[in-house]
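Report on the following structure.
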Amino acid sequence: MDDKLKKILSEVLEIDEAKIDKSYELDAENNWDSLAVLSVISMIDDEYSIELDGDDIALCETASELQDLIIANS
Amino acid sequence: MIRAYIKAIEYFVPPKKLTNKDLISDNPSWDVEKIYDKTGIANRYIADDNVTAVDLAISAGKHFFTKHSNDKNKIDYLIFCTQSPDYFLPTSACIIQNALGLNSNLGAIDVNQGCSGFVYSLSLAKGLIETSQATNVLIITSETYSKYINKKDKSVRTLFGDGAACSLISNLESRNEQISKVTHGTDGSGADHLIVPHGAHRHPLDESSNVLYEDKSSNLRSPSDLYMNGNAIYTFTMKKIPIIFNEILESNNMTLNDIDLVVFHQANKFILDTIQKKLQIPEEKMHRSYEEYGNTVSSTIPIGLKLEMDKKKNSAKKIYLILGFGVGLSWAGAIIKL
């Protein structure tokens, strides 16, 4: 998994980077809420210069789906 | 040539303050510190149940004329901007004309726009004045979104505050424009991203209108409450507003260097920070007043302009870029001298 994305998720979800892998679940238990989605849109724009749609990000259920979304829009 | 200009602005917010502490006491599970970090909003003012947007507008108007009493008899047009009217009909502006004791030989209309509403109203006022159809146009913006908001919905309750602003657009002879040509825009494909679904004629209130549902972020609302798709609104703002900002500058042959101050619609800190970063606007050129008032919809820009006018130490005019954007989706921006 991309280190930049790991860093983004660890910062937004307030969790140790080492714990984030492809199967990491993006759900309410892991602090994945509407504010987290907004922060991720903004940080992906900063890090990758990609403006993803918030609704697409909100549909991602795991870190790897988010990774795929970034690759598909790169 | 006859030019329209903003002569004076006053505003009024209801006395009841809703602080972040109050929000926690209503909803102990909300992480209000995190919400404050993102939104930058500490307080919002909320109208009592029996106080409407028209009442706030009348209070703002009365306050305006206590400070500018000589202008009252000169008003020959009233534009009232709200999305919270007292009735489907009559026009709220007619009720306000009577309540404020304004002349009866004036034009009075309602404008139904939200966050772009002040700038839309300003473009109408400019058109009326510069074509000599009116000389002194009163624009009153007023909202009580709190009445549409479910108390268990943090996606909107944390952001919106009630309030009204009263602005007098008057005329002067000058070679130079005081209010530039207004740039307008609309994308109705996003109409359902910020909406009160039930209550008017498309979905009249019925037994389903008050049925609560819970979203993924544990917010509760019913179809008669305000719904905001924050992701979609944020994405729209991030992609569209920097482009519009540059179009406004270009159409006036200006660059950011020519602008003394930028007064965006005060949606919240997160949105303003994003636009600021994309456009690399220096902090000293950014007006920010969401912390005290929250997002008062169509009144954020006139309140912002009033606060900036009060800060000025001399009478020299400054150049402001104003830009409103949101519900509709709708946007409008201009450059003004004030």
Side-chain angles (χ1 to χ4, degrees), chain A residues 2 4-17 19-20 22-74, chain B residues 20 23 27 29-41 152-159 187 189-190 192-194 214-221 227-243 267-280 329:
Chain A
D2 189 339
K4 281 196 286 191
L5 182 58
K6 270 192 188 176
K7 196 167 161 240
I8 289 173
L9 287 176
S10 99
E11 205 173 313
V12 172
L13 303 176
E14 295 166 0
I15 181 178
D16 188 350
E17 239 176 274
K19 288 187 179 160
I20 296 175
K22 280 186 162 187
S23 62
Y24 192 80
E25 288 188 23
L26 303 176
D27 57 22
E29 265 178 44
N30 290 329
N31 289 332
W32 182 250
D33 58 13
S34 53
L35 270 180
V37 173
L38 292 182
S39 304
V40 166
I41 303 172
S42 161
M43 290 166 84
I44 287 177
D45 183 32
D46 288 348
E47 290 291 328
Y48 297 87
S49 298
I50 303 173
E51 294 174 339
L52 292 179
D53 274 357
D55 284 350
D56 293 338
I57 293 181
L59 288 174
C60 293
E61 290 182 356
T62 61
S64 88
E65 285 178 31
L66 186 54
Q67 176 87 71
D68 292 345
L69 187 65
I70 293 169
I71 292 167
N73 284 279
S74 293
Chain B
N20 290 345
L23 288 175
N27 299 280
S29 66
W30 290 7
D31 187 344
V32 173
E33 208 170 297
K34 194 165 145 192
I35 290 168
Y36 176 72
D37 274 355
K38 287 280 177 210
T39 66
I41 296 168
K152 299 286 179 191
D153 185 352
K154 66 174 177 292
S155 72
V156 285
R157 193 172 182 217
T158 52
L159 300 178
D187 179 8
S189 72
D192 57 0
H193 293 324
L194 191 44
E214 188 173 333
D215 72 11
K216 273 187 184 170
S217 301
S218 307
N219 295 307
L220 283 178
R221 74 181 74 87
Y227 163 74
M228 180 173 80
N229 179 342
N231 293 333
I233 296 287
Y234 178 71
T235 310
F236 151 71
T237 309
M238 179 177 81
K239 288 185 177 179
K240 195 80 195 175
I241 297 310
I243 296 170
N268 58 65
K269 177 178 186 293
F270 190 60
I271 281 190
L272 263 58
D273 285 354
T274 298
I275 306 173
Q276 178 187 20
K277 203 161 54 184
K278 282 195 166 273
L279 289 165
Q280 298 185 312
L329 305 171

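Proteins come first, then strands; the chains are lettered A, B, ... in the order of their sequence lines, and each starts at number 1.
- The most heavy-atom pairs under 4.5 Å with chain B, out of D55(A), I57(A), D27(A), come from D55(A).
- Considering only heavy atoms from C-beta on, K239(B) comes within 4.5 Å of D53(A) through its side chain.
- Heavy atoms of other residues, nucleotides or ligands lying less than 6.0 angstrom from CD of E61(A) number 12 at most.
- For the options T39(B), T235(B), I233(B), heavy-atom pairs under 4.5 Å to chain A are most numerous at T235(B).
- Of the N and O atoms on the side chains of S39(A) and K38(B), at least one donor lies less than 3.5 Å from an acceptor on the other residue.
- Here OG1 of T158(B) is found 7.5 Å from CG of L35(A). Values are rounded to the nearest 0.5 Å.
- Two residues are said to be in side-chain contact when any heavy atoms from C-beta on lie closer than 4.5 Å; K216(B) and V37(A) fail this criterion.
- Heavy atoms of L52(A) lying under 4.5 Å from chain B belong exclusively to its backbone.
- Between D45(A) and K277(B) there is no salt bridge, since no side-chain nitrogen of the basic residue lies less than 4.0 Å from a carboxylate oxygen of the acidic one.
- More than 12 non-hydrogen atoms from other residues, nucleotides or ligands lie less than 6.0 angstrom from NZ of K34(B).
- When all heavy atoms of S34(A) and S217(B) are compared, the pair lying nearest together is N-OG, 3.2 Å.
- D273(B) contributes atom CG, which lies 8.5 Å from atom OG of S42(A) (distance to the nearest 0.5 angstrom).
- Within a 6.0 Å radius of NZ in K4(A), other residues, nucleotides and ligands contribute more than 12 heavy atoms.
- For a residue to count as touching a neighbouring chain, one of its non-hydrogen atoms must lie under 4.5 Å from one of that chain's; by this rule D56(A) does not touch chain B.
- Applying the 6.0 Å contact sphere to CD of E65(A) captures more than 12 heavy atoms from other residues, nucleotides or ligands.
- Contacts between N229(B) and chain A at a heavy-atom distance below 4.5 Å involve the side chain alone, from C-beta outward.
- For chain A, no part of F236(B) is nearby; none of its heavy atoms comes within less than 4.5 Å.
- The pair K278(B)-E51(A) counts as a salt bridge, with a side-chain nitrogen and a carboxylate oxygen less than 4.0 angstrom apart.
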